[in-house]
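Comments concern the structure below.
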Amino acid sequence: MSGDRKLVLFVDDEAMMLSSLRRVLRPQQERWDMRFESDPRAAIELARETRFDVIVSDLRMPVLNGIEMIGRMRETGSNDTEYMLLTGNADLASAIDAINETGVFRFLTKPCASENLIEAIEVALAAVAARREQPGHMATAALAAMTPAVAVVDGAGKVVYFNESADEVLKSHRGIVVDRNGTVYVSGTQARTEFREAVKKAAEEMDVSPKFVTVSDPEDFEPLMAVITPVGQGRAAIMFTVPGRSVPPSVDSLVELFGLTRVEAVLAQTIASGGTVEDAATNCNVTLETARTYLKRIFQKLGVRRQVDLVQLILTTPAALIRSR
């Protein structure tokens with residue numbers, strides 16, 4: 001286990017170079033969890049399985065050079081990883097191209113003094129940490145706590161992030177397909193075209209209006225509505241909703257918001273979920289008459305007179321947006 005140590009991967013086809021790196025970087029073991037790989041193809045697989053903070057690679061390697069390897073890593077690895085290249089003086093032009101083509105964070109000429117390598121890795125780690133602390137990451141944490149199903153995709157529809165609610169939708173709704181590359185598609189020729197074009201446009205333009213696409217499920221009569229809107233940085237957000245279906249807040253939220261007892265909160269939640277008073281009595285383990293008495297108390301506490309008003313009040317409270325834990 002790496003614990004709080006930063007994950008750093010070194011890739012070089014020369015065993016002597018990797019051995020030298022191990023030796024000079026040994027004092028950093030308490031701060032960095034370091035991995036060393038001589039095969040760029042194996043390194044790609046390793047990067048797919050492990051979220052490295054920094055990857056340092058030699059430029060000239062057989063089978064795949066450093067630029068090609070990094071390009072493939074970017075397709076399947078973490079968006080937070082920073083990449084660095086070790087190059088010879090004759091390769092500087094290629095290294096500069098790598099910065100433009102693959103977004104390499106920095107290149108270092110060989111031979112590279114250990115203190116210069118350590119300093120460069122520290123700078124890269126600081127950049128990773130700063131990016132993870134930006135509001136975008138806090139927004140991701142906020143989305144994870146939300147009931148609405150939200151996925152963030154790039155212009156080609158490849159999933160960048162989805163919250164738990166979206167994960168449930170993507171797994172259960174037959175009208176939505178996520179292929180082996182992580183790209184989202186929807187069923188139906190017309191819907192598929194509308195969906196693809198809407199995602200592409202939202203990723204490219206910030207000032208477009210939200211696009212609504214109805215997604216049918218071949219095995220379900222209940223369609224989904226996909227709402228596609230731009231979020232910047234070449235990405236689009238997709239919110240999946242079932243028209244007419246809402247999820248009531250948790251029992252704890254109802255207790256906190258309205259000052260209900262737990263039994264009253266369970267009863268109110270059952271009614272808001274579409275259950276009957278009889279269902280509520282069963283869920284609360286009370287008689288039907290007692291459930292009706294509780295319901296009258298709930299009406300008084302919430303200032304409503306009818307069940308329909310109770311349901312509307314509960315489903316429109318902000319707590320309905322928070323996932324129950």
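What you see below is based on every heavy atom in this structure, not just the backbone, and it leaves out hydrogens, waters and symmetry mates.
- Distance check: Leu86 CG to Arg60 CZ gives 14.0 Å after rounding to the nearest 0.5 Å.
- Note that the CD1 atom of Ile44 and the CD atom of Glu68 stand 9.0 Å from one another [nearest 0.5 Å].
- Annotation: side-chain hydrogen bond (donor to acceptor under 3.5 Å, both in side chains) contacts of Glu45 (sequence neighbours excluded): Arg48.
- By the neighbour-count criterion of 12 heavy atoms within 6.0 Å, atom CD of Glu115 is densely surrounded, having more than that number from other residues, nucleotides or ligands.
- In this model, a donor atom of one side chain and an acceptor atom of the other lie less than 3.5 Å apart for Asp279 and Thr276.
- Looking at Val184 and Val159, their side chains come closer than 4.5 Å, going by heavy atoms from C-beta outward.
- Atoms CD and CD1, on Glu75 and Ile70 in that order, are 12.5 Å from each other to the nearest 0.5 Å.
- No more than 12 heavy atoms of other residues, nucleotides or ligands shown are found within 6.0 angstrom of CD on Glu256.
- For Arg292, the side-chain hydrogen bond (donor to acceptor under 3.5 Å, both in side chains) criterion is met by no residue, not counting sequence neighbours.
- Put simply, the residue from Leu64, Leu85, Asn65 that forms a side chain to side chain contact (heavy atoms under 4.5 Å, CB included) with Ser57 is Leu85.
- With hydrogens and angles disregarded, a donor-acceptor distance shorter than 3.5 Å links the side chain of Thr81 to the backbone of Phe52.
- We find the SG-CG distance between Cys112 and Leu117 to be 5.0 Å, quoted to the nearest 0.5 Å.
- Residues Asp33 and Arg35 are paired through a salt bridge, judged by an N-O separation under 4.0 Å between the basic side chain and the carboxylate.
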**Study point:** side chain to side chain contact (heavy atoms under 4.5 Å, CB included) between Val150 and Ile238, worked out
**Key:** CA-CA 6 Å; Val150 180; Ile238 308 170; over 6 Å; no
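- The cluster map of Ile, Leu, Val, Met, Phe, Trp and Tyr, joined by side-chain heavy atoms under 4.5 Å apart, puts Ile118 and Met17 in the same cluster.
- A salt bridge between Arg262 and Asp252 is present, with a side-chain N of the basic residue lying under 4.0 Å from a carboxylate O of the acidic one.
- With values rounded to the nearest 0.5 angstrom, Glu82 atom CD is found 12.5 Å from Ile121 atom CD1.
- Between Ile176 and Phe240 there is a side-chain heavy-atom pair separated by less than 4.5 Å.
- Under the rule for a side chain to side chain contact (heavy atoms under 4.5 Å, CB included), the partners of Val266 that lie at least two apart in sequence or sit in another chain are Val251, Thr270, Asn283, Cys284.
- Residues meeting the side-chain hydrogen bond (donor to acceptor under 3.5 Å, both in side chains) test with Glu122, sequence neighbours left out: Arg31.
- Sorted by first and then second residue, the ring pair (Phe, Tyr, Trp, His ring centres under 6.0 Å) pairs involving residues 17-43 (not counting sequence neighbours) are Phe10-Phe36.
- Counting only heavy atoms from C-beta outward, the side chains of Arg51 and Leu7 never approach each other to under 4.5 Å.
- Interatomic distance, CD1 of Ile314 versus CD1 of Ile298, reported as 7.5 Å (0.5 Å rounding).
- Checked against side chain to side chain contact (heavy atoms under 4.5 Å, CB included), Phe212 has the following partners two or more places apart in sequence or in another chain: Pro210, Met225, Val227.
- Shown here are the salt bridge (charged side-chain N to carboxylate O under 4.0 Å, His left out) partners of Asp39, two or more places apart in sequence or in another chain: Arg41.
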Name each donor-acceptor pair under 3.5 Å that joins a side chain in residues 197-206 to protein atoms two or more places apart or in another chain, with its distance.
residue, atom, partner, partner atom, Å
Lys200, NZ, Glu204, OE2, 2.8

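- Remark: the backbone N or O of Gly155 is not paired with any side-chain donor or acceptor of Arg235 at under 3.5 angstrom.
- With sequence neighbours left out, Arg22 forms a salt bridge (charged side-chain N to carboxylate O under 4.0 Å, His left out) with no residue at all.
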**Study point:** Residues Leu254, Gln269; criterion side chain to side chain contact (heavy atoms under 4.5 Å, CB included); working and verdict
**Key:** CA-CA 8 Å; Leu254 292 174; Gln269 186 189 58; 3.9 Å; yes
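- The cluster map of Ile, Leu, Val, Met, Phe, Trp and Tyr, joined by side-chain heavy atoms under 4.5 Å apart, puts Phe195 and Val208 in different clusters.
- Legend: salt bridge (charged side-chain N to carboxylate O under 4.0 Å, His left out) pairs involving residues 183-193, not counting sequence neighbours: none detected.
- Every side-chain hydrogen bond (donor to acceptor under 3.5 Å, both in side chains) that Thr287 has, sequence neighbours left out, goes to Thr290.
- Identified under the salt bridge (charged side-chain N to carboxylate O under 4.0 Å, His left out) test for residues 300-312, with sequence neighbours left out: Glu264-Lys301, Arg306-Asp309.
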